[in-house]
Structure formats: structure tokens, C-alpha cells
Asks: 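One structure, as C-alpha cells, below. Some questions next.
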Amino acid sequence: MSRQILVTSALPYANGPIHLGHLVEYIQTDVFARFQRLRGHRVAYLCADDTHGTAIMIRAQKEGRTPEQLIADMAVQHQRDFAAFGMSFDHYGSTNSPANLAIATGIWQRLRERQLVVERSVERLYDPVQKTFLADRFVVGECPRCGAAEQYGDSCEKCGSTYPATELKNPRSVHSGAKPELRPSSQLFVRLEPLQSFLAEWTQKSGALQGEVANYLAGHFLDKPLQDWDVSRPAPYFGFEIPDAKGQFWYVWFDAPIGYIAATKEWCERTGQSLDAWWKNPQCEVVHFLGKDITYFHTLFWPALLHVGGYQLPKRVQIHGFLRVGGEKMSKSKGTFVTAERYLQHLDAEWLRYYYASKLSSKIDDLDFQEDEFVGKVNSDLVGRVVNLASRSARFVEATGLSANYPADGGLFARAAAQSEAIAAAYEACDYREAMRLVMLLADAANEYVEQKQPWTLKKDPAKAQDLQDVCTVVLNLFHQIAVYLQPVLPKLAAKAGALLGSACDRWELVQRPLVGSKVAKFEHLMTRVEADKVKAMFTPEPSAPAVPTLPPKAAAATPSAAAVASAAATPATTAGANDALQKEPLAAEITIDDFQKVDLRVALVVAAEAVPEAKKLLRLTLSLGSGPTRNVFAGIKSAYEPAKLVGRLVVMVANLAPRQMKFGLSEGMVIAAGTDGEVFLLSPDLGAKPGQRLH
RNA sequence: GGCAGGAUAGCUCAGCUGGUUAGAGCGGCGGCUUCAUAAGCCGUAGGUCGCCGGUUCAAGUCCGGCUCCUGCUACCA
């Protein structure tokens, strides 16, 4: 019986590139969508860019362009990356679309009708420089409980306590550094408590949620009155202005999931279908894939909106864990934060699809990317076992094609065909790891068969030509079954297998009937092996910190060594990326020479450097200006530099900056560095400069 | 702090409602083979199932306590 299935992946935020972490989800979803299509079901796989919110607005502002320009760029980038990894979206939309506004407006009206919208005044932090209200995450300060510095406005990572942003001590805006002001803001809330019984019922009894998710919700939200959900944001905000509340915008998380429906709407309009046939049809199974970080949005707020809006509730919400690399969180400075683009510069997309599939289960566990394992799985499973079946048999039958009748094979083909439902069940349950395991067992059996029959021996005896053809017919048929079973994961490999055997691997039932009498194309390699070096190269941080002159402490005070300078000179200057940098940080307003001369820049020697344990970004540097007392300076370069390697280096400092009292001590100056965010480059003078010299 | 999840061979993990000598793949070691992208096949060695206690004829599997790890904790997208 054919099913109708609407599949979604969470919408990627249009504030950054697609990376290996995103791809866990998109590959997981795409495999599911392709599997269902292969089984003959009607599938719509939909996704879109999530485009609204403060973060987008601020970033666009910094880059000197409109949010619309920014999200248009990101849409192109995202879709290019997804295409390269084989995502089979039926439609890819944007939350900043007329369709999304229309659907959101409809749901909003229903909320109003049901008296579920209430208005309240809330005191919010306001950045007087950026002229914008600040989300909690855009305010940092000292934790009101334990006093830890550099904590965000919602909770302290040090002591774990949570608090309102207004209680932060010495708060400042992440954007401007300004001290936020408290300003009253009238906000709109969606009341969830009236939906408590519906949510309790749906989360606990519908079967849509994984067990641990249902437990989490029961223990964390449903055991007490549900708080009203603050869904509006005051201007300025990049998003949809709320139709019946001028000057107020829907919070990004209100309209983001609605983007699933909007994308469906656009697709339906394009293809002449009815939206209601998908979103208001009880026969249609809606399946959402998402990461555990956004669980409650999709299991509380979202079903509430769907319920009130009269849309179909998800049949299933499939939640996955995060990607880790080598057991650790992805990290830009360690080089393990790998974008889709960077991956593709080194490796093949299908390798990753298989690797993830071979590790994914239906649980919420994190998935750990391990270099050795990646190389091993691709080379030994895919090349050594699966593809090898074709390479060791196809050439023998290039001239003859497959036997006209399927030969006796000791039941191998039938056994593999009988695995069909077990493998399908594993795919259906999103237990791809199990599916891959079962398929690899089939490949093992096929390789044993080859070993036993020794086609290479048969080839030597002309009288055994028929035996040779029969053996290869069996092996290639087993290979074909495997290619069909793997098609959801490896569509390109399946297409090549289809071309080799003259039969597309595009229907699940193909595993039931052997191919006979068909031609076999000239054999070409179906997949290349992974070289471990390339995986290493991918995880090696970009040469973002070019070789810098580093001096042993004693020699430094005198003259830098020639070698040190040579290495600096050997780094070719390049203008590549300059435009991009200029875009990120547009030129500041013009100043006079007098303005400039107020800033006293000096060459300084790093005498000592150490990480500040409690600070995420800071190193404590002790700087010498040749004579006089050393300066104690806190520099936000922890992510880019190891303290030990800085000792003995010459840097440039602002020597007449007013000392600033920080949580960890007094900072008596500022070290000059280029770059923003994660990328920081210290500046160093050329050969001969001495600590204390002023820059002119 | 609260909540959720996890801890099983060197690594990644299976072990359902408790029941014979705890499994798979990879990796290791030994051998065979040469058709194949140094691929394949056979054999073999590795675990007192995180710790303590309890229930039971019987516990990796159930109960209690403890230790460690991960995540979430409502304006982080």
C-alpha cells in the first residue's frame, strides 16, 4: 500500500555556512526520503532557509548590506552545498517569503480567535548604540550568583545557574560594548497552558516521539504550568511585522517552523497540487528530522501551533544528537569545524553519506567522527567488500553479458532477497547502522562465494566458459541487490551500478528478481579509496596564523634572529580575501592626524603569557616596553594562540589606553591584532625593532 | 542544582519482556589466495558487561545507592 509522506529537515539558519554537523541531519533525512521513494511511496522532502532574527540583522548591518542581500547570498551557498551532498529536496524555500507570511498570518488569526494571545509589558535590555533591544545571548557580564566573568545573559556556564539578563553585573552589549539600558517593551505572548492537556496527550501517547524525548518533556515542562511563550519582538527586527500589532515582529522561532508549510505551499503551487492534501490530510504522514537542541520548539510550541492552526500533527519527530570530532566538540581553532565546502575540497560526498549512515541509529546519541574509522569504513566496507564484487567479476563477462538463465547459487540470491523486509524495517526505524550492517553481511557472503568458485581459475579452462559466466552472473546479481539496498545512502554508486548492468536501481522490488541475459558495460571503477592524508588535511586548521617571528626570551631584547625574520618574509602577502574582510568591517569615519596621534602605539615584548582559566577568550600577557614597569594586559586571543608560543614575541600595543578593571585584574593596554571573531592575527614588527619604540 | 541519556573486547556498537560457554564489524596476530582499487578468504587472541549492595534457582539484563561522561534547562538559530 502506497503511503504519502512529508519529510522535513530543520531549517538551517541563514547566518552561517553548512558544516559537517548540519550534514548529519540532512543526510539522515535524505536517506529516509530516498528510501521511501525507492519503496514506491509518495514523498515530499521540504526544507528552507531560516532567515529572520536579531543575529541576521546585526550581521547584515556589520557587513554594510541589507538582510535581504545577506540571506539571498546564504540561500545560494546553502543550496549549492546541499546539492553537492545529494540532498533530494522537492522544494527549498525561505522563511522570508510571501507564502510563509500568509501561513503565519492564518495561524496567528486562529490564535487570536481562541484568545490565546495576550499582551504584557516587559522590561528588556536595550543597546543604546546599536539602537536595538538585546536578546539574552547578546549581553555579557558577570554572573549574579558566582561572579564569573564573560557570562551570557541567560545562564552561567560556570556555576550553571540561570537568571534574567537584567541581573547580570556590569552588563555590556556583545555588539557595541555599550552598557545596556532597561526599557519597557510591550510584548505578545502565546498562552500554552490552555493547551496543556492536548500537549500532554500528544507528547506521551501519540507515538510520534522517541521515548527519552517524551520523558524529557514530561519531566521538564508538562509537570508544571506551561509558561506563556513570548513570540513578539520590538522593532528594529528583521522578520515579519505582526499584521495586527504594528511595530511588533514575530520572533524568529514563531515563523521558522511555519516555513515547513510555506515550502510545501510553494511546491504545491509550482506542481499544481493542493496544500491541504498534504497538511490537512490525515493520510499524510508528516515526519520531522531535527537536532536535540531544538527539541522543545518542535515538540511543544510547534504542535501547539499546528493544533490551533488546524494542520496535521507530525506522525513522527525524529531527533538526533550532535556531531563530535575525535570525541570532542567541533572547534574552529582545532580545525574540526569543517564546512561542507571544505569537506568537498578534500573528500567525496558519498563517503560521508555512507559513514554517517553506518553510525546513525534512531537514538539521540551524539555521533563521533573518527578519522581512522572513516577511512576504514569507506575503504573496507564500500571499496573492499561492495564495489570489489563488481570489479572482480564484471570484466569476465564484458564480452558475454549475463547468463540467459539464472544459475544455481546455493540459495544466495534468495537469502539476500529474503532480507528485504528486515533491511527496510531498519531504514524505516532510522536505524541505518543496522541496515548497513545487514547489507554488509550480504556482501561478505558474496565475497565468500567468489572465493569458493574462483572465477580466475575457471577462466583458464575454455571448457568452463559457461561456469565462468554463471558464477559472474551470480556475483553481479548479488552486487545489484546490494546496490539497490544501498541506493538511499549511495545514489551515485547505485546509478553507476545500474549503468554497468543496464538496469537502474530505482525500485526496492528489484532485489526480488535476478537480472539475466543482459549486457554488461565496460567496467570502470565505481568508487575510489580514501587516502588518510586527505582526511588529515581536511581537519588541519587553515593556515590562518602565518608563521610569525618568535624569539627566545633572551635574544629578543637585543636583535631578532635572521631566521625568524626570514620566516616572516617568506609568508607571501596576498590580497585574496581582502574584499571580504572589508565587507565584514567597513571603513570607519575619517579622522585627522591629531586624532591618530592621540593613540600611542608601541613595540612591546611578550615576557610572559598564560591562559586565564576562568575566561573563555582571555590570555594574560606580561609586556615589556624595554624599560620601566612591565604591563599586564588581557588579550582576547585564547582561541588562536598558545601562551607558550607567544613568549619572546614582539607585538604592537596601545600603550596609553586607560587601564581597565577586569574580573581577573587590571588590564594596562591593548594588543593590536587583525581579524574578527575566531580569526585573530597578532601584528609583529620587522627585523630590528626594539621594545618601547613608538609607531608613527 | 533539576531533568534526560549513557557507561559491554584496543575502537564503534548489538545484546528484546532476566535462562546454556556475552556477540558483530573494524583493528591485532597467524595462515591461504591473486580475479580485484595492497582488495578477498580461513583461523585465532582479546571482556570479572563502571563500582557497591539487594531480589532470584538464575542478572550485562530487575531494584537501591555511588562514581564518571554527554546533553537540555523555555530570547542560542
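Lettering of chains follows the sequences in order, A, B, ..., and the numbering in each one begins at 1.
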Asks: Quantified in whole Å, what is the C1' atom distance between nucleotide G6(B) and nucleotide C66(B)?
Replies: 16 Å
Asks: For the atom pair CD (Q466(A)) and OG1 (T473(A)), what is the distance rounded to the nearest 0.5 Å?
Replies: 8.0 Å
Asks: Heavy atoms only, 4.0 Å cut-off, all strands: where does N15(A) land among base, sugar-phosphate and nothing?
Replies: nothing
Asks: Could you measure between the two C1' atoms, the one in G23(B) and the one in A9(B), and give it in whole Å?
Replies: 10 Å
Asks: If you find the nucleotide of RNA chain B closest to H22(A) and the one closest to V213(A), which residue's nucleotide is nearer the 5' end?
Replies: V213(A)
Asks: How far does the P atom of C16(B) sit from the matching atom of C3(B), given to the nearest Å?
Replies: 27 Å
Asks: For D381(A) and G25(B), give me the distance from atom CG to atom P, rounded to whole Å.
Replies: 11 Å
Asks: Would you please enumerate the stems RNA chain B participates in, each stem being three or more consecutive Watson-Crick or G-U wobble pairs with both distances under 3.5 Å?
Replies: B:1-7 with B:67-73, B:10-13 with B:23-26, B:28-32 with B:40-44, B:50-54 with B:62-66
Asks: Mark up nucleotides 5-12 of chain B, 5' to 3', with B wherever a protein heavy atom is under 4.0 angstrom from a base atom, S wherever such an atom reaches only the sugar-phosphate, and - elsewhere.
Replies: S-----SS
Asks: If you look only at distance, which donor and acceptor atoms sit under 3.5 Å apart when one is on a side chain in residues 456-464 of chain A and the other is two or more places apart or in another chain?
Replies:
from    : atom 1 : to      : atom 2 : distance (Å)
T457(A) : OG1    : Q454(A) : OE1    : 3.0
D461(A) : OD1    : A463(A) : N      : 3.0

Asks: Touch check for F396(A), heavy atoms < 4.0 angstrom, all strands: base, sugar-phosphate only, or nothing?
Replies: sugar-phosphate
Asks: Under 4.0 Å between a side-chain N/O of Y296(A) and OP1 or OP2 of C72(B), yes or no?
Replies: no
Asks: With rounding to the closest Å, how many angstrom separate the C1' atoms on C63(B) and U56(B)?
Replies: 12 Å
Asks: To the nearest angstrom, how far is Y355(A) atom OH from G25(B) atom P?
Replies: 18 Å
Asks: Which of residues 458-469 of chain A have a heavy atom under 4.0 Å from RNA chain B?
Replies: none
Asks: Please list all pairs meeting ring pair (Phe, Tyr, Trp, His ring centres under 6.0 Å) that have one or both residues in residues 360-381 of chain A, counting only residues at least two apart or in different chains.
Replies: Y355(A)-F369(A), Y355(A)-F374(A), F369(A)-F374(A), F369(A)-F539(A)
Asks: Centroid separation under 6.0 Å, is that true for the rings of F221(A) and Y216(A)?
Replies: yes
Asks: Across nucleotides 37-46 of chain B, 5' to 3', mark each nucleotide with B, S or - according to how protein heavy atoms within less than 4.0 Å reach it.
Replies: B-SBSS----
Asks: For Q187(A) and A74(B), what is the distance between atoms CD and C1' respectively, to the nearest whole Å?
Replies: 15 Å
Asks: Do you see a donor-acceptor pair shorter than 3.5 Å between the side chains of N96(A) and T51(A)?
Replies: no
Asks: Check the distance between C72(B)'s P and H320(A)'s NE2 and give it to me in whole angstrom.
Replies: 13 Å
Asks: Figure out the CE/C1' separation between M57(A) and C76(B), and round it to whole Å.
Replies: 16 Å
Asks: Strictly under 3.5 Å: I want the nitrogen or oxygen pairs between protein and nucleotides 67-71 of chain B, one per line.
Replies:
from   : atom 1 : to      : atom 2 : distance (Å)
U70(B) : O2'    : D366(A) : OD2    : 3.3
G71(B) : OP1    : K329(A) : NZ     : 3.4

Asks: Given atom CD1 of I294(A) and atom C1' of U73(B), what is their separation to the nearest angstrom?
Replies: 16 Å
Asks: K359(A) side chain to D368(A) main-chain N or O, any donor-acceptor pair under 3.5 Å?
Replies: yes
Asks: Whether D228(A) and R120(A) form a salt bridge (side-chain N of Lys/Arg under 4.0 Å from carboxylate O of Asp/Glu) is what I want to check.
Replies: yes
Asks: Write down the distance separating the C1' atoms in U70(B) and G27(B), rounded off to the nearest Å.
Replies: 26 Å
Asks: Surrounding NZ of K453(A) (heavy atoms of other residues, nucleotides or ligands, distance under 6.0 Å), is the total greater than 12?
Replies: no
Asks: Show which side-chain atoms of residues 8-18 of chain A pair as donor or acceptor with protein atoms under 3.5 Å away, not counting sequence neighbours.
Replies:
from   : atom 1 : to      : atom 2 : distance (Å)
T8(A)  : OG1    : H288(A) : ND1    : 2.7
S9(A)  : OG     : T29(A)  : OG1    : 2.8
S9(A)  : OG     : Y45(A)  : OH     : 2.7
Y13(A) : OH     : H52(A)  : O      : 2.5

Asks: Enumerate donor-acceptor pairs with a distance under 3.5 Å from any side-chain N or O in residues 384-392 of chain A to protein atoms, sequence neighbours excluded.
Replies:
from    : atom 1 : to      : atom 2 : distance (Å)
R385(A) : NH1    : D444(A) : OD1    : 2.6
R385(A) : NH1    : D444(A) : OD2    : 2.8
R385(A) : NH2    : D381(A) : OD1    : 2.9
N388(A) : ND2    : G384(A) : O      : 3.2
S391(A) : OG     : V387(A) : O      : 3.0
R392(A) : NH1    : N447(A) : OD1    : 2.8

Asks: Could you tell me how far apart Y354(A) (OH) and G25(B) (C1') are, to the nearest whole angstrom?
Replies: 9 Å
Asks: Provide the distance between the two C1' atoms, one in G19(B) and one in U61(B), to the nearest whole Å.
Replies: 11 Å
Asks: Quiz question: by atom type and distance under 3.5 Å, do the side chains of Y260(A) and H298(A) form a donor-acceptor pair?
Replies: yes
Asks: Taking the C1' atom in each of A22(B) and G15(B), what is the distance between them to the nearest angstrom?
Replies: 8 Å
Asks: Tell me every residue that passes salt bridge (charged side-chain N to carboxylate O under 4.0 Å, His left out) with D467(A), counting only those two or more places apart in sequence or in another chain.
Replies: none
Asks: Sequence neighbours left out, what passes salt bridge (charged side-chain N to carboxylate O under 4.0 Å, His left out) with K536(A)? Give chain and number order.
Replies: E371(A)
Asks: Indicate yes or no for a side-chain donor-acceptor contact from Y432(A) to the backbone of Q28(A) under 3.5 Å, with no hydrogens or angles considered.
Replies: yes
Asks: Between R395(A) and E398(A), does at least one N-O distance fall below 4.0 Å, as a salt bridge requires?
Replies: no
Asks: Quantified in whole Å, what is the P atom distance between nucleotide G28(B) and nucleotide A36(B)?
Replies: 24 Å
Asks: Identify whether the glycosidic angle of G28(B) places it syn (within 90° of 0) or anti.
Replies: anti
Asks: Is it true that a side-chain atom of E193(A) and a backbone atom of L226(A) form a donor plus acceptor pair closer than 3.5 Å?
Replies: yes
Asks: Can you sort out the partners of T54(A) under side-chain hydrogen bond (donor to acceptor under 3.5 Å, both in side chains), two or more places apart, ordered by chain and number?
Replies: none
Asks: Where the side chain of Q318(A) meets the backbone of S362(A), is there a donor-acceptor pair that is under 3.5 Å apart?
Replies: yes
Asks: Take the protein atom CG of L217(A) and the nucleotide atom P of A74(B), then report the distance between them rounded to whole Å.
Replies: 14 Å
